[in-house]
Amino acid sequence: MSSSEDDIPIVQRSKRILDDSEDDVPISQLPSSVKKKVKRETDDSVSLNHPKSKSSNGTSKSSSNGNIKTPKKERTKKTPSDKKKPNKSLQVKSEDKPTKQEEDEEETEETYKWWEEQEDRDGEIKWDSLVHNGVLFPPEYEPLPSHVKLYYNGTPVNLPQEAEEVAGFFGALVETDHGKNPVFQSNFFKDFQQVLKECGGCNVEIEKFEHLDFSKMYAHFEQLKEDKKKMSKEEKREIKEDKERQEEPYRTCLLNGRKEKIGNFRIEPPGLFRGRGAHPKTGRLKRRVFPEDVTLNLSEGAPVPPPPEGHSWGDVKHDNTVTWLAMWKENIADSFKYVRFAQNSSVKGLSDFKKFETARNLKHHIESIRKDYTQSLKSELMQERQMATATYLIDIFALRAGGEKGDDEADTVGCCSLRYEHVTLRPPNTVIFDFLGKDSIRFYQEVEVDKQVFKNLKIFKKPPKQPGDDLFDRISPPLLNKKFQTYMKGLTAKVFRTYNASKTMQDQLDLIKNEGTVAEKVVRFNAANRTVAILCNHQRTVSKSHGNSVQKINDKLRELMWNKIRLKQMMLELDPKLKRKDPKYFAEIEDLSKEDIMVIQEKILERTKEQVAKKFERDNEKLKAESKDQLTANDLKERMQKVKELQAEFKIELASGKPEIKKSVTVEKLKSQVEQIEQRILNTQFQLKDKEDNSEVSLGTSKMNYIDPRLTVVFSKRFDVPIEKLFTKTLREKFTWAIESADKDWRF
DNA sequence: GGTATGACTTAGTATCCGGTAC
DNA sequence: GTACCGGATACTAAGTCATACC
């Protein structure tokens with residue numbers, strides 16, 4: 001690198017790789033060294049039919065043949081330059097920052113519709129050319145102000161910078177569940193002491209975690225949060241724009257000459273490992289990643305982005321059989337972390353499409369698979385019997401495969417790793433599953449199973465087996481998957497989950513009638529989604545505000561109920577004979593006791609008081625701003641008088657049991673008001689039920705990973721529900737291929 | 001056949017951000 | 001204008017599975 005280049009800030013230098021040198025140059029026109037001869041595998045190719053390839057009757061083939069088109073063609077080896085050159089509009093532009101509108105247009109123009117391509121896309125080669133600007137490193141550590149210290153036994157500790165950073169990681173978490181977890185504390189403390197030792201120690205001998213006092217650090221971080229909140233809009237905007245400017249070069253890359261988004265272009269910052277569940281390593285220090293730890297992957301001959309000043313890359317690879325752009329080794333589990341394409345990239349889209357097509361293909365085999373494993377449940381061979389039983393559990397209860405786990409990981413299980421204690425048998429054929437699955441999420445289900453499955457599980461638990469022993473001791477996920485491959489190409493344990501999730505969704509959607517408002521249809525769609533989420537055991541922790549908001553809705557319901565009763569009381573006041581005519585209609589008048597009513601009235605009064613007080617404050621602030629005379633305490637008293645009047649009315653009503661009737665009121669008018677309130681009650685109850693039902697169920701995971709997006713698109717089209725109501729912006733981008741390729745008649 | 005490795009998908013949670021009520 | 005709430009997004013941990021190697 002020339003010295004003049006050295007003077008250019010890293011951000012600008014790397015930006016130039018895409019912006020200057022390759023700007024407006026399609027990859028196919030790059031120097032020949034960039035182009036790479038590509039050998040494509042042609043076996044079992046998958047491609048999508050696109051709207052242009054209609055059958056003679058004008059309907060898309062996708063609805064009838066499942067979009068799979070696999071004529072094996074002998075293909076000659078292709079080089080990138082043989083491929084169709086991208087449109088001018090697809091080339092990366094960067095000079096003159098485009099306006100927001102231009103950006104949007106550009107976005108639309110640049111979207112590569114891979115699903116409209118005719119070519120086969122299977123095989124080992126994942127890309128023909130890949131050019132990118134490397135990765136974004138987290139900022140260097142900024143030392144704390146000198147007055148913010150860690151204390152040990154009351155003594156302020158002068159920590160070296162490296163150790164202060166680690167202490168700060170903990171300091172920020174002291175009040176969280178992690179910070180209070182003894183394993184987290186102990187792991188942190190060991191690593192903290194190690195770092196301290198590495199950088200030469202400090203003024204105090206630190207021996208016990210219990211003597212550490214992080215309160216000053218914690219207060220400092222809290223203050224920083226507060227300050228951030230208090231920043232003006234302008235300041236916040238500037239910071240955001242700065243951040244975006246810095247990230248810009250790393251957001252996208254050139255994949256086969258087309259601009260594509262990158263997902264996690266940021267190297268993970270150092271911190272304390274937050275393992276889920278009872279993870280033995282939770283709290284360990286995740287060390288800072290340096291360029292020397294990072295391997296880049298890009299086209300041979302493509303310009304290698306310069307590493308940050310004074311550093312060099314660990315390695316630079318040119319492997320087009322993988323889809324990562326950069327990787328590094330992390331120090332907790334000693335595994336790799338990858339920088340990959342974004343969810344809406346062609347690479348991810350194609351992979352998603354293939355996943356759903358494989359799952360969809362299972363429908364042609366599922367019947368014979370079920371027949372086969374039902375037979376094998378009675379096999380003489382223990383291994384076969386275990387295989388059949390495990391397949392049954394994976395198919396029917398959507399269990400994961402359940403690979404072996406080490407002692408240095410959380411103790412979680414799936415099907416093959418189920419142990420004696422995870423399954424309880426209750427004759428004649430009830431099985432109680434109780435175990436921690438992925439992410440230490442509890443799987444608890446009491447289910448009735450096939451009689452032979454029950455028998456088998458009983459055999460698998462027979463002595464000398466005891467708690468701690470594997471239920472399925474003769475099989476493993478690789479063995480299961482090997483067997484699955486004999487049923488169908490590409491079939492593995494996880495495909496059953498995708499298949500059953502999408503099949504369930506389709507069945508549920510089929511039950512929905514095309515009636516009601518859009519909002520009602522969305523609620524029904526979500527209910528179908530929820531069935532799938534429950535099948536897959538997708539949970540979430542109840543939000544902190546959940547109890548509060550449920551309480552609010554319940555209060556609202558009681559208030560509505562009271563109002564309805566009052567209206568009915570008024571009706572009887574106007575025409576007492578009504579009660580004899582329709583006793584059922586008026587029966588609910590007795591539903592609320594005097595105490596109930598008092599509580600409701602108090603809540604209303606309280607709320608009204610608060611409203612008046614707040615309005616008073618606001619008005620005063622307004623007057624102050626206009627330099628006018630302030631409202632006085634007397635004014636407030638006057639305003640509060642109205643609340644007092646209301647209170648008096650309530651009191652009279654409570655004593656007499658008769659609400660005040662206005663002159664113009666008629667029985668008919670009251671009846672219509674009752675109907676209105678009843679509708680509101682129904683809506684509110686519906687809203688409450690939805691909230692309760694969803695409080696512990698996470699719908700997003702199944703929508704994102706398991707439900708074929710084309711099902712959602714079909715629902716949207718058939719039921720006239722805008723796709724925006726069913727997919728967020730991110731999901732619409734991720735599933736553009738589905739939105740543009742599935743028609744009304746598509747079936748999973 | 002078992003284990004290690006590497007590359008990918010799936011997953012829950014933390015944080016951001018925009019709408020709404022006041 | 002602000003505080004609050006909830007949905008959307010970002011982050012990264014934790015799975016699955018193919019392949020290589022012995």
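The chains referred to below are lettered A, B, ... by the order of the sequence lines, with proteins before strands, and numbering in each begins at 1. A quick note: this is a predicted structure, and the numbers were derived from the prediction, not measured.
Two residues, A:Ser351 and A:Ile441, neighbour DNA chain B, and the one matched to the more 5' nucleotide by heavy-atom proximity is A:Ser351. Between A:Lys240 and A:Arg497, the residue anchored nearer the 5' end of DNA chain B, judged by the nucleotide with its closest heavy atom, is A:Arg497. When each of A:Lys405 and A:Glu724 is assigned the nucleotide of DNA chain C bearing its nearest heavy atom, the one mapping closer to the 5' terminus is A:Glu724. If you find the closest nucleotide of DNA chain C to A:Lys729 and to A:Asn264, the one lying nearer the 5' end belongs to A:Lys729.
Spacing between atom CD of A:Glu404 and atom C1' of C:dA14 amounts to 16 Å, rounded to whole angstrom units. Distance NZ (A:Lys355) to C1' (C:dA18): 18 Å, rounded to an integer number of Å. Nucleotide C:dG15 holds its P atom 6 Å from the CG atom of A:Asp439, rounded to whole Å. Separating the OH atom of A:Tyr499 from the C1' atom of B:dT10 is a distance of 21 Å, rounded to the nearest angstrom. If you measure from atom CG of A:Asn529 to atom P of C:dG7, you get 14 Å, rounded to the nearest angstrom. Between A:Lys348 atom NZ and B:dA7 atom P the separation is 13 Å, expressed in whole Å. Rounded to an integer number of Å, the gap from A:Phe336 CZ to C:dT19 C1' is 15 Å. The nearest whole Å value for the distance from the CH2 atom in A:Trp328 to the C1' atom in C:dT12 is 9 Å.
If you check every strand for non-hydrogen atoms under 4.0 Å, A:Ala493 touches sugar and phosphate atoms only. Nucleic acid contact for A:Gly402: sugar-phosphate only, since backbone atoms but no base atoms lie under 4.0 Å from a heavy atom of the residue. Across all strands, A:Glu409 comes closer than 4.0 Å to no nucleic acid atom at all (heavy-atom distances). Using a 4.0 Å heavy-atom cutoff across all strands shown, A:Met704 reaches no nucleic acid atom at all. A:Tyr338 comes within contact range of at least one nucleobase, with a heavy-atom separation under 4.0 Å. Heavy atoms of A:Lys126 sit under 4.0 angstrom from primed sugar atoms or phosphate atoms, though from no base atom. Among the protein residues, A:Gly275 comes within range of the sugar-phosphate backbone only, with heavy atoms under 4.0 Å from sugar or phosphate atoms but none that close to a base. Backbone-only engagement by A:Arg274 is indicated by non-hydrogen atom pairs under 4.0 Å involving sugar-phosphate atoms exclusively.
Of all nucleotides listed (B:dC16, B:dT10, B:dA7), B:dC16 comes nearest to the side chain of A:Lys228. Of all nucleotides listed (C:dA14, C:dC17, B:dA7), C:dC17 comes nearest to the side chain of A:Ala401. Between C:dA13, B:dC8, C:dT12, one nucleotide has an atom nearer to the side chain of A:Phe273 than all others, and that is C:dA13. Residue A:Thr728 places its side chain closer to C:dT9 than to any other of B:dA7, C:dT9, C:dC17.
Residue A:Arg266 has a polar side-chain atom (N or O) positioned under 4.0 Å from OP1 or OP2 of C:dC11. Contact check, A:Thr730 against C:dA8: no side-chain N or O comes under 4.0 Å of OP1 or OP2. OP1 or OP2 of C:dA18 has at least one side-chain nitrogen or oxygen of A:Gln485 nearer than 4.0 Å. The shortest distance between the side-chain N/O atoms of A:Asn481 and the OP1/OP2 oxygens of C:dC17 is below 4.0 Å. A close approach under 4.0 Å does occur between a side-chain nitrogen or oxygen of A:Thr412 and OP1 or OP2 of C:dG15. At the phosphate of B:dA11, OP1 or OP2 sits under 4.0 Å from a side-chain N or O atom of A:His538. Phosphate contact (OP1/OP2 of B:dT10, side-chain N/O of A:Lys494, threshold under 4.0 Å): present. Contact between the side-chain N/O atoms of A:Thr492 and the OP1/OP2 oxygens of C:dA18 is not found at any separation under 4.0 Å. The phosphate of B:dC8 has OP1 or OP2 within less than 4.0 Å of a side-chain N or O from A:Thr323. For A:Lys482, no side-chain nitrogen or oxygen approaches OP1 or OP2 of C:dA18 to under 4.0 Å. Side-chain N/O atoms of A:Lys337 include none lying less than 4.0 angstrom from OP1 or OP2 on C:dC11. Close to B:dA11, at under 4.0 Å from its OP1 or OP2, lies a side-chain N or O of A:Tyr706. Neither OP1 nor OP2 of B:dT13 sits under 4.0 Å from any side-chain N or O of A:Arg540. Between A:Thr701 and B:dT10 there is no side-chain polar atom (N or O) within less than 4.0 angstrom of OP1 or OP2.
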Yes or no on salt bridge (charged side-chain N to carboxylate O under 4.0 Å, His left out) for A:Asp408 and A:Lys281, after CA distance, side-chain angles and deciding distance? CA-CA 7 Å; A:Asp408 53 357; A:Lys281 291 188 174 178; 3.7 Å; yes

Can you check side-chain contact (heavy atoms from CB on, under 4.5 Å) on A:Met387 and A:Leu479, steps first, answer last? CA-CA 9 Å; A:Met387 289 278 243; A:Leu479 219 62; 4.3 Å; yes

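Residues A:Asn181 and A:Thr282 form a side-chain contact, since some pair of their non-hydrogen atoms from C-beta on lies under 4.5 Å apart.
Under the 30°/60° scheme for interplanar angles, the aromatic rings of A:Trp324 and A:Tyr338 are found to be tilted. Using a 30° and 60° split on the angle between ring planes, A:Phe727 and A:Phe735 fall in the tilted class, from 30° to 60°. The aromatic rings of A:Phe273 and A:His279 sit perpendicular, their planes meeting at an angle over 60°, well past the 30° parallel limit.
A:Gln445 and A:Asn537 share no donor-acceptor pair across their side chains, judged by distance under 3.5 Å alone.
On a pure distance criterion of 3.5 Å, a polar donor-acceptor pair joins the side chain of A:Lys438 and the base of B:dT10.
Separation of atoms CG (A:Leu285) and CD (A:Glu165) is listed at 8.0 Å; rounding is to 0.5 Å.
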